[in-house]
Amino acid sequence: MYANNQPIIIGTPLREKREEEDVDVDSSLRFGFRLVCSTALYPLEYAKTLIQLGYEPIAPRPGRTLFGARRLMLPNIFQYAAYIKSVDGFTGCFRGLSARLLGNVLGSYYGERLAIALLSKPPKTVLQPDFFEFGVEMWEKYDFNEPRPVFKADIVSKAVTQVCGIVISHPFHVISIRMMAQFIGREHLYDGLFGSIKEIWVQEGIRGFFSGLIPRLWMEACCMALTTAISYLFKKYSGANKTICGHVDTISHFTVTSMLYPYHVVSTCMAVQGCRLKAGNPPFMDHFISWRHCHAHLTLQNQHKRGSSFFFRTVARAPGKINDAFAPYPEMK
């Protein structure tokens with residue numbers, strides 16, 4: 001059909017509306033699937049958190065690494081999770097799960113709306129507060145011969161959405177970590193969600209809800225920037241197909257996250273640092289002036305990558321020689 005010599009496409013708005021609804025349903029299903037997987041794998045996340053805090057309740061045994069070298073071997077993450085189950089039972093393996101799931105849901109829902117208010121336009125839907133979840137679809141829909149500002153605007157929109165989601169979800173992230181950290185000292189300060197909120201508010205104020213936020217944001221911002229740059233350059237200059245670009249995106253994501261993993265350990269330690277739990281105070285954990293101090297201390301002790309390996313975990317070797325020429329300035333009181 002034509003009107004004023006212009007073609008009229010019948011059904012296009014309806015088709016676009018249906019496509020948008022399908023995208024929303026697909027995103028909701030994928031987000032729900034992530035929540036189910038997070039719940040099922042939570043005992044491993046629990047064990048990994050305690051390892052990041054430096055808690056090793058099982059004595060190491062002589063063994064061999066993947067390459068056959070003789071070392072003192074720590075239990076793998078499955079044996080660690082089995083130990084938690086033997087102490088607290090099956091339900092004890094899911095301590096802190098409610099706070100973690102609630103933080104993810106609230107961060108996803110309100111993070112996007114806060115980004116809309118800041119950018120004054122709807123960002124692309126992102127249903128997971130994680131800088132790493134861009135996926136292959138992001139690269140498939142772009143023609144890299146288009147003007148660069150189009151691509152840049154979408155990256156900025158996604159980045160703002162992710163930052164907002166992380167900031168909103170972080171207080172629940174802190175509560176979840178402290179609930180798990182109670183296993184170390186067998187305390188009961190963070191048994192419930194409302195009781196945990198009251199404990200942090202009374203003891204530390206609003207600042208306590210954002211403990212460890214800076215290294216977490218720094219890690220994920222760097223991961224997003226590096227992964228995006230690698231995928232963009234490969235897609236633009238290699239001319240490879242979508243399948244190869246997807247593999248490159250996965251490999252680059254894994255490589256970058258492995259490089260920046262120490263900041264994940266620092267964020268976990270700083271989330272517990274200074275609270276009333278045994279896990280966040282001497283002698284179990286040293287007092288850190290800042291997250292940079294924590295990172296430097298863990299690196300010096302060769303503890304900055306604890307928890308990065310699920311299997312073949314070895315006892316970290318202390319540095320052979322420590323230079324005593326440097327002494328930090330005394331802390332002002």
If you take all heavy atoms of Y190 and M179, which pair is closest and at what distance? O-CG, 3.1 Å
Taking the basic N atoms (NZ, or NE/NH1/NH2) and the acidic carboxylate oxygens, is any pair closer than 4.0 Å for E199 and R276? yes
Are H253 and D249 close enough that some pair of their side-chain heavy atoms sits under 4.5 Å apart? no
Check the hydrophobic clustering (I, L, V, M, F, W, Y; side-chain heavy atoms under 4.5 Å; chains of links allowed) and say if I168 and Y109 are grouped together. yes
Considering only residues two or more places apart or on different chains, which pairs with a residue in residues 37-58 satisfy ring pair (Phe, Tyr, Trp, His ring centres under 6.0 Å)? none
Side chain to side chain contact (heavy atoms under 4.5 Å, CB included) between I197 and F209: does it pass, once the steps are laid out? CA-CA 8 Å; I197 294 175; F209 291 102; 3.9 Å; yes
Sole candidate of L298, I177, T268 that passes side-chain contact (heavy atoms from CB on, under 4.5 Å) when paired with Q52: T268
Just by modelled atom types, is the G96 backbone N or O under 3.5 Å from a matching donor or acceptor in the S176 side chain? yes
Is there a donor-acceptor pair closer than 3.5 Å between any side-chain N or O of T257 and the backbone N or O of F254? yes
To the nearest 0.5 Å, what is the distance between CG (N281) and CD (Q273)? 7.0 Å
If I take atom CE from residue M219 and atom OH from residue Y261, how far apart are they, to the nearest 0.5 angstrom? 9.5 Å
From CA spacing to verdict: side chain to side chain contact (heavy atoms under 4.5 Å, CB included), F183, V87: CA-CA 9 Å; F183 183 87; V87 176; 3.8 Å; yes
Closest approach of P60 and L72, non-hydrogen atoms and distance? CB-CB, 4.2 Å
Test of understanding: clusters of I, L, V, M, F, W, Y form through side-chain heavy atoms closer than 4.5 Å, transitively. Do I251 and L226 belong to the same one? no
Would M180 end up clustered with F194 when hydrophobic side chains under 4.5 Å apart are linked, directly or stepwise? no
Check the pair E56, R306 against side chain to side chain contact (heavy atoms under 4.5 Å, CB included), reporting the backbone distance first and the verdict last. CA-CA 11 Å; E56 295 292 349; R306 56 194 183 195; over 6 Å; no
Can you measure from NE2 (H287) to SG (C294) and round to the nearest 0.5 angstrom? 11.5 Å
Going hydrophobic residue to hydrophobic residue with side-chain gaps under 4.5 angstrom, can you get from M259 over to I230? no
Check whether NZ of the Lys or CZ of the Arg R313 lies under 6.0 Å from the centre of the six-membered ring of F310 and within 45 degrees of that ring's axis. no
Shortest non-hydrogen pair, H304 vs T299, comes out as ND1-CA, 3.8 Å
Roughly how far, to the nearest 0.5 Å, is CG of L97 from OG1 of T91? 12.0 Å
Are I206 and L193 linked, directly or through intermediate hydrophobic residues, by side-chain heavy-atom contacts shorter than 4.5 Å (ILVMFWY only)? yes
So for atom CZ, which belongs to R113, do other residues, nucleotides or ligands contribute more than 12 heavy atoms lying within a distance under 6.0 Å? yes
Side-chain contact test, heavy atoms from C-beta onward, threshold under 4.5 Å: evaluate it for L74 versus I51 and give yes or no. no
Are any non-hydrogen side-chain atoms of L213 and V174 less than 4.5 angstrom apart? no
Could you check whether any side-chain N or O of S86 sits under 3.5 Å from a backbone N or O of Y83, counting only pairs where one atom can act as donor and the other as acceptor? yes
Ring center gap for F78 and F311 short of 6.0 angstrom: yes
Treating Q162 as the side-chain partner and A159 as the backbone partner, does any N or O pair qualify as donor plus acceptor under 3.5 Å? no
Checking side chain to side chain contact (heavy atoms under 4.5 Å, CB included) for the pair R207/F210: CA distance, chi angles, key distance, verdict? CA-CA 6 Å; R207 186 176 181 179; F210 298 95; over 6 Å; no
Which value, rounded to the nearest 0.5 Å, describes the distance between L189 atom CG and R178 atom CZ? 10.0 Å
May I ask you to decide if R34's main-chain N or O and S38's side chain share a donor-acceptor pair within less than 3.5 Å? yes
Of all heavy-atom pairs between F90 and F94, which one has the smallest distance, and what is that distance? O-CD1, 3.5 Å
Do side-chain atoms of Q182 reach the backbone of L277 as a donor and acceptor pair under 3.5 angstrom? no
Are the side chains of I289 and H297 in contact, using a 4.5 Å heavy-atom criterion? no
Check whether any side-chain N or O of T39 sits under 3.5 Å from a backbone N or O of L35 as a donor-acceptor pair, and report yes or no. yes
In Å, rounded to the nearest 0.5 Å, how long is the span from OG1 of T314 to CZ of R64? 14.5 Å
Shortest non-hydrogen pair, L53 vs C269, comes out as CD2-CA, 4.0 Å
Ignoring hydrogens and geometry, is there a side-chain-to-backbone donor-acceptor pair from Q203 to C275 under 3.5 Å? no
Test item: R71 side-chain N/O and V315 main-chain N/O as donor-acceptor pair under 3.5 Å: yes
What are the two closest heavy atoms between G111 and C164, and how far apart are they? O-CB, 3.5 Å
Between T161 (side chain) and E112 (backbone), is there a donor-acceptor pair under 3.5 Å? no
